[in-house]
Amino acid sequence: MNIAKVIVDVQAKAINQTFDYLIPEKFRDILSEGMRVIVPFGPRKITGFVVGKKEESEFEQLKEIIDVLDINPVLTEELLELGKWVAEDTLTLYITAYQAMLPQVLKAQYKKELIRNTDEELAHELEFLFAGRDVIRYEEFVQSTVPYTTLRNAIQDGAISINYLVKSKVTKKVITFIEPNKEAHLLEEAFMDLSPSAKKQRHVLSFFLEFPEPVEQQKLYNLTNTNRAVIKALVDKGILREYKKEVYRNPYDDTSFEKTLPLPLTKQQEMALHPIIEKIHNHKHDVFLVHGVTGSGKTEIYLQAIQEVIKQGKEAIVLVPEISLTPQMVKRFKGRFGSDVAVMHSALSNGEKYDEWRKIHAKEVKVVVGARSAIFAPFENLGIIIIDEEHETTYKQEDQPRYHARDVAIKRGQYHECPVVLGSATPTLESYARAKKGVYQLATLDKRTNNQALPKVEIVDMRNELHEGNRSMFSIALKREMESGIERGEQIVLLLNRRGYSTFVMCRDCGHVKRCPHCDIALTYHKNSNQLKCHYCGYEERMPHLCPECNSESIRYFGTGTQRVEEALNQLMPHARVIRMDVDTTRKKGAHEKLLKRFANKEADILLGTQMIAKGLDFANVTLVGVLTSDSMLHLPDFRSSEKTFQLLTQVSGRAGRHELSGKVIVQSYTPDHYSIQLASEYDFEKFFLYEMQIRKKFRYPPYVYLALITVSHQNHVKAVQITSRIAQLLLKVVGKDTIVLGPTPSPIARMKDRYRYQCMIKYKNEPELRSTIKKVMDLYADEMRKEDLSITVDMQPYHLM
DNA sequence: AGCACGCCGACT
DNA sequence: GTCGGCGTGCTC
């Protein structure tokens, strides 16, 4: 096996295939599939993944692999196969799929440098640029005024050559330790010899006389109240010694988690857990849907199933929506499994993510708890995969590869012959329908573990409030409940649902709304900078004093931001202490946890926030949940808007009365009769499911059909429409008669970054050839995509129709 | 994609 | 003769 098949790091359709390379003698024994290599590619050097080996190649002149980057393969055989499947299933490039499976820092960076090959005089500009050096960075040339032709000539003459470099982004964290450099009695001698005026040095030495152990440099500074200078003096005298050690960055201090033991299960939990355990014992794959109301103890089921898996010497993956949002979740896993747990989520730095990944790769942990991409954890002996809050949209990646973690989980579950558990209080219609059909195993938990009733939900019709002269954003009922709650010393969670409903700027005189000049969307007002920003392209301008249309001074921002609610709250109840949680107050690392901790410590009466407070919070003292704007996303152009509203209301309601105190929920709405609001208030998932399924059936939406969305964008409006139309016609010709091809229709954001966007939607039940057909159609436009700056993207099973 | 190479027109 | 701007074709 002297030849390696390599997928190279070039994102282009024409390169989406394996390339053969000769394995040099020195790498023959060590090179295996799944390793990263550096290979020559045309004039450059790039990285690639070895996906296979073979004896012969149809190419005559093979180049040799330049270097091998890994000692152990970064992708297992399973992951190589899985990546191939992901790429083909989502219609993306192999290299894109492989890179999505690995931490960012393993992606190489490419650099160039110019090398002088001759002592002879160069063109004078080049001579000036090199300034006596033999090697310069390529950027130096780019930044200079030297014409390209001059360099080109020098390269053709052989006077200068380009060196292509592959640089690793990997940085490993190193900690400096300080320890005594002498034995105890010699140390004591040294102590005596120290000048009596060297107070600090004597203090440090006395510390080491008491504890002759290595100490982290930083800790030593703190413990002995010294600094670099003092320690250096002692090191220079040969009394102390410093050494460096490579460590994992540990974003969670394992010792700070209290060890927990399995809790006794309720009958319902027992019944849900039992069949899962059975599959674990029999090494059989199956998909379980655990449909449990908030507080029904789903997490305990996960924990005990994982315990069983660990007992068998196998590993577990737990996906949670966005783990930084639920420190309580991490606490529960770390509390039960301690340092056997790796944690992966977007709030970690790239270095931290890499370290957590290395722990998995090195088989130092048994469990990974993480967001979407943790589904690719390089375990080789998986015993269970759990997806908590299965309905969350974050499990679908919105850029390439556009995979859904649930699909990947099931694929891996099949490979490892292990169960996949989906958990939710409000499952997606897709999963629930499958469970009802018997494709998934359904377990229902309709009782809370503490037998507390779910909090009562009161819907307030905001139209009546308006008629009765209450123009504020708080209904009379909500105000009353907030006041009495605070009086009793209880806490309140207020949700401002502002998805699809941000703060835009409108002139009260002429109705003019400020829009982005490059995108078809209203600009959003940002108070702290007094600027208007576009959330799609980043365009920004100053908030105008006068309406640009009619010069009126009555130009104001509309919509309800959390800041405005906070101000109104302060006016309404000056004594109430409010914590505001939104993108602005949680931008800084760790800000999230800090705010939640303050709320938990009862440093505030009201927690006011956006969607991010709806999930996973568990505060014993919260008895009231208020939803200020329950219907803001009902009117989005999205077939899931009812489902999402139902999910959000159900979830946020579950935040009240989780422990001894009973809870209450007040939902304010302008459409109080809407079924998703009504049924959420009754916690009637079953009824909601049946009703919504009828609607999906009538309008032909999932789960009755599968969707594929093709989005075409181009600077020229007419061109975008024309091409979309042609694609729709081409597809219509080949698909089955039950398949619906819609389009061209303008995308919900019809213009973005000065490009017009049109889409073609395909609704199908059974189209085994659809992927290859779409590929062929895309190939027809390959040339135009390159030359004419045309863009065509495909999303199989889109979540948002943007 | 990213690069080299070659051709062409413009300008000293 | 240079200089700079495209278009084209190749990458094991």
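The sequence lines fix the lettering, A, B, ..., with proteins before strands; numbering per chain opens at 1.
When the P atom of B:dC5 is taken as reference, atom CZ of A:R44 falls 15 Å away, rounded to whole Å. For the pair A:F19 CZ and C:dT11 P, the computed distance is 8 Å after rounding to whole Å. A:D783 has its CG atom 15 Å from the C1' atom of B:dA1, to the nearest Å. The CD atom of A:Q99 sits 14 Å away from the P atom of B:dA1 (whole-angstrom rounding). When rounded to the nearest whole Å, the span between CG of A:D157 and P of B:dC5 equals 12 Å. The interatomic distance linking A:R152 (CZ) with B:dC7 (P) rounds to 11 Å, in whole Å.
Along DNA chain C, the nucleotide nearest A:N153 and the nucleotide nearest A:Q17 are compared for position; the residue whose nucleotide lies closer to the 5' end is A:N153. Residues A:I15 and A:I155 both approach DNA chain B. Their nearest nucleotides, taken by heavy-atom distance, put A:I15 toward the 5′ side.
Residue A:K54 places its NZ atom among more than 12 non-hydrogen atoms of other residues, nucleotides or ligands, all under 6.0 Å distant.
Between A:T150 and the phosphate of C:dT2, there is no side-chain N or O to OP1/OP2 separation shorter than 4.0 Å. Close to C:dC6, at under 4.0 Å from its OP1 or OP2, lies no side-chain N or O of A:K787. A sub-4.0 Å separation between OP1 or OP2 of B:dC3 and a side-chain N or O of A:Y110 is absent.
For residues 49-104 of chain A, the pairs satisfying ring pair (Phe, Tyr, Trp, His ring centres under 6.0 Å) are A:F49-A:Y98, with sequence neighbours left out.
Of the candidate nucleotides C:dC12, B:dA4, C:dG4, C:dG4 has the atom lying nearest to any side-chain atom of A:P147. Of the listed nucleotides (C:dC3, B:dA4, B:dA1), C:dC3 has the atom at the smallest distance from the side chain of A:T149. Comparing B:dA4, B:dC5, B:dC3 by their closest approach to the side chain of A:Y148 singles out B:dA4.
Ring-plane geometry between A:F19 and A:F41 is classed as perpendicular, the angle between the planes exceeding 60 degrees on a 0 to 90 degree scale with a lower cut at 30. Relative orientation of the A:Y756 and A:H717 rings is parallel, given thresholds of 30° and 60° on the angle between their planes.
Donor-acceptor pairing under 3.5 Å, judged by distance alone, is absent between the side chain of A:R786 and the base of C:dG7.
A salt bridge does not link A:K353 to A:E356: none of the charged side-chain nitrogens sits closer than 4.0 Å to a carboxylate oxygen.
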